Visitor: 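Mind having a look at this structure? Questions to follow.
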Amino acid sequence: MTVHPESLLDALDDGQREAAEALHGPVCILAGAGTGKTRAITHRIAYGVATGAYDPARVMALTFTTKAAGEMRSRLAALGAGAVQTRTFHSAALSQLSYFWPRTLGTRTPELVRAKVPLVADAAAQLGERLDTATLRDLAGEIEWRKSRSMTMEQYAANFEERALVARLGIDRVVDLHGAYERIKDDRRQMDFEDVLLATAGMIAREPDVAQWVREQYRHFTVDEYQDASPAQTNLLELWLGRRADVCVVGDPHQTIYSFAGADRASLSRFQSDHPGTRIVQLVRNYRSQARVIEIANALVHDPERAPLEATHGAGESVRIEEAETDAAEGARIAERIRELLASGVEPADIAVLVRFHAQGAPIVQAVRAEGIGIVTEGSSAFFELQVVRKLILAFRAAPVDDRPLFQQVVDLARDAGWSSTPPAGRGEEREQWDAVQAIVNMAEEAGGGTTLSAFAASLTQMAEAEQQPRVDAVTLATLHAAKGLEWEHVIIAGLSEGILPISYATTEAAIEEEGRLFYVGVTRARTSLAFTRSVSSGGAPRKASRFLVPLQDALKRAPSRAARR
């Protein structure tokens with residue numbers, strides 16, 4: 001596929017074009033929410049390939065999730081740069097480690113630990129500790145945080161005052177548990193995901209032949225969502241680069257919400273100081289949200305060095321702030337808002353309710369389903385892990401060759417699995433399963449003419465592997481963390497009370513700032529409308545309004561006609 005270089009630039013705005021034409025690094029793209037960063041970096045890579053500046057086989061595009069890598073891969077292929085390697089940090093490192101480990105050390109690569117918690121439980125048992133599941137998960141998170149930040153046990157112990165789990169168990173006990181975990185893992189010849197990064201970095205640093213091969217193979221690097229990079233990942237990136245500077249990083253420090261997993265908000269500014277002469281490009285034109293959403297988003301950010309987001313759409317709907325007496329009443333108010341949207345012609349899949357943590361969702365789900373409205377939880381049971389979906393795909397694979405249209409075949413097999421064209425009266429798991437099968441039926445109806453059932457089944461399998469979720473005709477409930485990277489026409493953010501957002505255990509200034517960034521991420525998921533809700537009491541105890549409502553209310557006071565309050 002031949003693509004004319006100038007045609008790639010014609011599709012970009014001035015900021016995106018500046019980013020695309022900055023082919024040689026170091027380059028740092030500061031991309032605000034909804035400003036088309038993925039468009040900018042994929043066109044930049046494709047432009048480099050089209051002009052001959054890049055050999056596509058020697059370009060590495062790095063992301064942080066399999067889903068994001070799949071999306072970038074598809075976009076690059078459509079732009080004529082399908083030969084570019086697009087991977088997560090972990091998959092790129094694992095591929096290199098699997099190749100070099102046996103050749104360098106003469107032994108097979110250790111087995112990968114898919115889940116830390118069982119291993120942590122074994123470590124606790126070895127030390128005579130009986131810990132509940134929640135504590136085991138917290139310990140697994142602590143291990144991940146320590147290793148992702150490339151900390152020794154001594155360095156970790158020196159930072160214990162900031163770690164809530166350590167305060168509960170004591171630093172000596174936590175360090176002992178870390179040590180037991182590492183010993184058991186090593187005795188079983190296993191490695192965890194953090195080891196993959198650390199071991200690959202160690203091999204490149206110590207083995208000149210490995211370093212030379214890697215640096216010859218990959219000459220140009222692009223890193224998406226760089227604000228989420230941990231020290232272990234940034235160290236590996238620098239080792240891949242060697243002394244070269246052909247690297248482009250893109251991100252938004254205002255969307256750093258994964259410090260619990262090792263991300264560092266200062267990573268983008270540190271990149272600029274570590275790479276003298278870095279070219280900085282700012283993307284500020286927001287193509288996602290209506291102007292009133294952008295006003296709220298800008299009111300939450302206090303950064304004199306960054307230009308505010310610029311709206312490219314009209315004003316949009318009034319922003320709502322709603323209070324209810326109890327959690328149940330808040331759920332009912334949210335269900336009422338959703339019913340209003342549906343009555344106006346909005347599709348359920350275009351609505352999302354965002355919460356700080358999963359436990360908030362129970363009264364909301366109950367109230368929404370009581371209205372006969374389907375609601376699915378983002379990030380809980382993945383679509384392709386649902387039993388009914390797995391069985392249906394197996395049925396597609398096993399079906400004999402049939403000359404009938406794909407849609408008819410899929411409908412017949414869905415009916416065999418218990419589906420009907422009429423939604424069930426049930427509002428719980430039964431409705432969730434119906435929604436899932438209906439999504440597959442819709443996909444079959446929209447598939448291109450001539451698509452065979454086996455090809456359709458293969459496409460579903462590819463979606464599952466790339467973690468691409470099909471559109472389900474239901475309202476989405478998601479945590480603010482799970483909402484990152486997603487967007488909806490209408491967003492309702494629930495629980496705007498102290499102790500919920502910000503969450504109760506956010507006690508330091510840094511933790512409160514991260515909660516504010518999490519709120520910002522939630523706000524910028526909305527395209528058309530925003531609503532904020534909270535309950536004024538819970539179990540008879542009063543709740544104080546979230547401090548994050550103050551800048552929001554100030555912004556609305558400057559434009560009082562744009563707010564609707566109940």
Side-chain angles (χ1 to χ4, degrees), residues 26 28 30 60-69 87-97 112-116 120 137-160 162-166 178 181-182 185 191-205 221-241 247-275 481-482 484-485 508 510-511 513-514 517-518 521:
C28 178
L30 299 175
M60 175 75 83
L62 293 158
T63 69
F64 288 84
T65 67
T66 303
K67 180 180 178 181
R87 296 190 168 190
T88 65
F89 268 95
H90 284 94
S91 67
L94 183 59
S95 176
Q96 293 176 13
L97 197 64
L112 191 63
V113 174
R114 298 291 178 180
K116 288 187 179 70
V120 175
R137 287 176 180 159
D138 287 347
L139 275 166
E142 285 295 296
I143 291 169
E144 181 176 329
W145 183 83
R146 170 180 60 81
K147 298 176 78 168
S148 66
R149 297 189 71 85
S150 300
M151 283 185 171
T152 64
M153 293 289 193
E154 292 75 17
Q155 290 170 328
Y156 174 77
N159 286 271
F160 77 92
E162 299 179 5
R163 314 302 296 170
L165 178 69
V166 175
H178 280 228
Y181 167 87
E182 297 294 343
K185 178 171 55 65
M191 63 169 54
D192 57 29
F193 282 103
E194 290 70 48
D195 289 329
V196 171
L197 301 176
L198 298 172
T200 304
M203 193 167 287
I204 295 172
F221 291 85
T222 299
V223 186
D224 191 15
E225 301 285 10
Y226 191 76
Q227 79 278 351
D228 293 335
S230 69
Q233 289 165 330
T234 57
N235 178 56
L236 179 57
L237 176 64
E238 294 302 322
L239 286 165
W240 279 335
L241 281 167
V247 57
C248 170
V249 301
V250 58
D252 181 1
H254 302 312
Q255 297 188 69
T256 307
I257 59 173
Y258 296 112
S259 65
F260 62 87
D264 184 354
R265 185 172 186 267
S267 58
L268 284 161
S269 59
R270 188 176 299 114
F271 176 88
Q272 297 167 38
S273 61
D274 289 346
H275 295 268
H481 281 102
K484 178 76 163 61
T508 65
E513 288 177 354
E514 179 139 339
R517 295 193 295 272
L518 192 56
V521 165

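Predicted model only: the values in this text are computed from it and were never measured.
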Visitor: Could you please spell out the steps behind the side chain to side chain donor-acceptor pair (under 3.5 Å) verdict for Thr152 and Arg146?
Guide: CA-CA 8 Å; Thr152 64; Arg146 170 180 60 81; over 6 Å; no
Visitor: Short question: side chain of Thr256, backbone of Arg517 - any donor-acceptor pair under 3.5 Å?
Guide: no
Visitor: Rounded to the nearest 0.5 Å, how far does CG of Leu197 lie from CG of Leu239?
Guide: 11.5 Å
Visitor: Nearest 0.5 Å, what's the CZ-CE distance between Phe221 and Met60?
Guide: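 Taking CZ in Phe221 and CE in Met60, the distance rounds to 6.0 Å.
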Visitor: Just verifying a value: how many Å separate Thr63 OG1 and Asp228 CG, rounded to the nearest 0.5 Å?
Guide: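 Output value for this atom pair is 10.5 Å.
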Visitor: Take Glu144 and Arg149 through the test salt bridge (Lys or Arg N to Asp or Glu O under 4.0 Å) and record every step on the way to the result.
Guide: CA-CA 8 Å; Glu144 181 176 329; Arg149 297 189 71 85; over 6 Å; no
Visitor: Kindly compute the distance separating CG (Asn235) from CG (Leu198), expressed to the nearest 0.5 Å.
Guide: 8.5 Å
Visitor: Go through it in stages, so that I can follow the logic: the residues are Lys484 and Glu225, the test is salt bridge (Lys or Arg N to Asp or Glu O under 4.0 Å), and I'd like the CA-CA distance, side-chain angles, deciding distance and then a yes or no.
Guide: CA-CA 11 Å; Lys484 178 76 163 61; Glu225 301 285 10; 3.1 Å; yes
Visitor: Let's go through Phe193 and Leu94 carefully: what are the C-alpha distance in whole Å and the side-chain angles of both, what is the deciding distance for side-chain contact (heavy atoms from CB on, under 4.5 Å) to 0.1 Å, and is it a yes or a no?
Guide: CA-CA 9 Å; Phe193 282 103; Leu94 183 59; 5.9 Å; no
Visitor: Heavy atoms, side chains only, cut-off 4.5 Å: are His275 and Glu238 in contact?
Guide: yes
Visitor: Do His481 and Leu518 come close enough that some side-chain heavy atom pair is under 4.5 Å?
Guide: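 Counting from C-beta outward, His481 and Leu518 do come under 4.5 Å.
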Visitor: In sequence, state the C-alpha distance, the side-chain angles, and the governing distance for His90 and Phe64, and then conclude on ring pair (Phe, Tyr, Trp, His ring centres under 6.0 Å).
Guide: CA-CA 8 Å; His90 284 94; Phe64 288 84; 8.8 Å; no
Visitor: Does the side chain of Pro26 come within less than 4.5 Å of Gln272's, by heavy atoms?
Guide: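 With C-beta onward as the side chain, the pair stays apart.
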Visitor: Does some side-chain heavy atom of Leu139 sit less than 4.5 Å from a side-chain heavy atom of Tyr181?
Guide: no
Visitor: Which atom names give the shortest non-hydrogen contact between Ser150 and Gln155, and what distance separates them?
Guide: O-OE1, 3.7 Å
Visitor: Going through the distances and angles, do Val223 and Val250 end up as a side-chain contact (heavy atoms from CB on, under 4.5 Å)?
Guide: CA-CA 6 Å; Val223 186; Val250 58; over 6 Å; no
Visitor: Please give me the minimum heavy-atom distance between Gln233 and Ala229, naming the atom from each residue.
Guide: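 Heavy atoms of Gln233 and Ala229 come nearest at OE1-CA, 3.4 Å.
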Visitor: Mind checking salt bridge (Lys or Arg N to Asp or Glu O under 4.0 Å) for Asp192 and listing every partner two or more places apart, or none if nothing turns up?
Guide: Lys147
Visitor: Can you list the steps and then say if Val113 with Asp195 is a side-chain contact (heavy atoms from CB on, under 4.5 Å)?
Guide: CA-CA 10 Å; Val113 174; Asp195 289 329; over 6 Å; no
Visitor: Can you name the closest pair of heavy atoms from Ala93 and Thr200 and give their distance?
Guide: O-OG1, 3.2 Å
Visitor: Identify the two heavy atoms, one from Gly251 and one from Leu268, that lie closest to each other, and give their separation to 0.1 Å.
Guide: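 Answer, listing the atom of Gly251 first, then Leu268: C-CD1, 3.8 Å.
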Visitor: Would the distance check show the side chain of Thr234 and the main-chain N or O of Pro231 forming a donor-acceptor pair, the cut-off being under 3.5 Å?
Guide: yes
Visitor: Give the minimum heavy-atom separation between Ala92 and Leu62, together with the two atoms involved.
Guide: CB-CD2, 4.2 Å
Visitor: Taking Arg270's backbone N and O only, do any of them form a donor-acceptor pair with Ser273's side chain (distance below 3.5 Å, no angle check)?
Guide: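 Yes; judged by distance alone, with no hydrogens or angles, the pair exists.
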Visitor: Salt-bridged, Glu142 to Arg137, with N to O below 4.0 Å?
Guide: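 Judged by the 4.0 Å cut-off on N to carboxylate O distance, Glu142 and Arg137 do not form a salt bridge.
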Visitor: If I compare all heavy atoms of Ile143 with all of Glu182, which pair ends up nearest, and what's the gap?
Guide: CG2-OE2, 4.4 Å
Visitor: Quick one: CG on Leu237 to OG on Ser267, what's the gap to the nearest 0.5 Å?
Guide: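 Between atom CG of Leu237 and atom OG of Ser267 there are 11.0 Å.
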Visitor: Just checking, is any N or O donor in the side chain of Trp240 or Gln96 under 3.5 Å from an acceptor N or O on the other one?
Guide: yes
Visitor: Start with the C-alpha distance between Ser259 and Glu514, add both sets of side-chain angles, then the distance that settles side chain to side chain donor-acceptor pair (under 3.5 Å), and finish with yes or no.
Guide: CA-CA 8 Å; Ser259 65; Glu514 179 139 339; 2.7 Å; yes
Visitor: How far does OH of Tyr258 sit from OG of Ser230, to the nearest 0.5 angstrom?
Guide: 14.0 Å
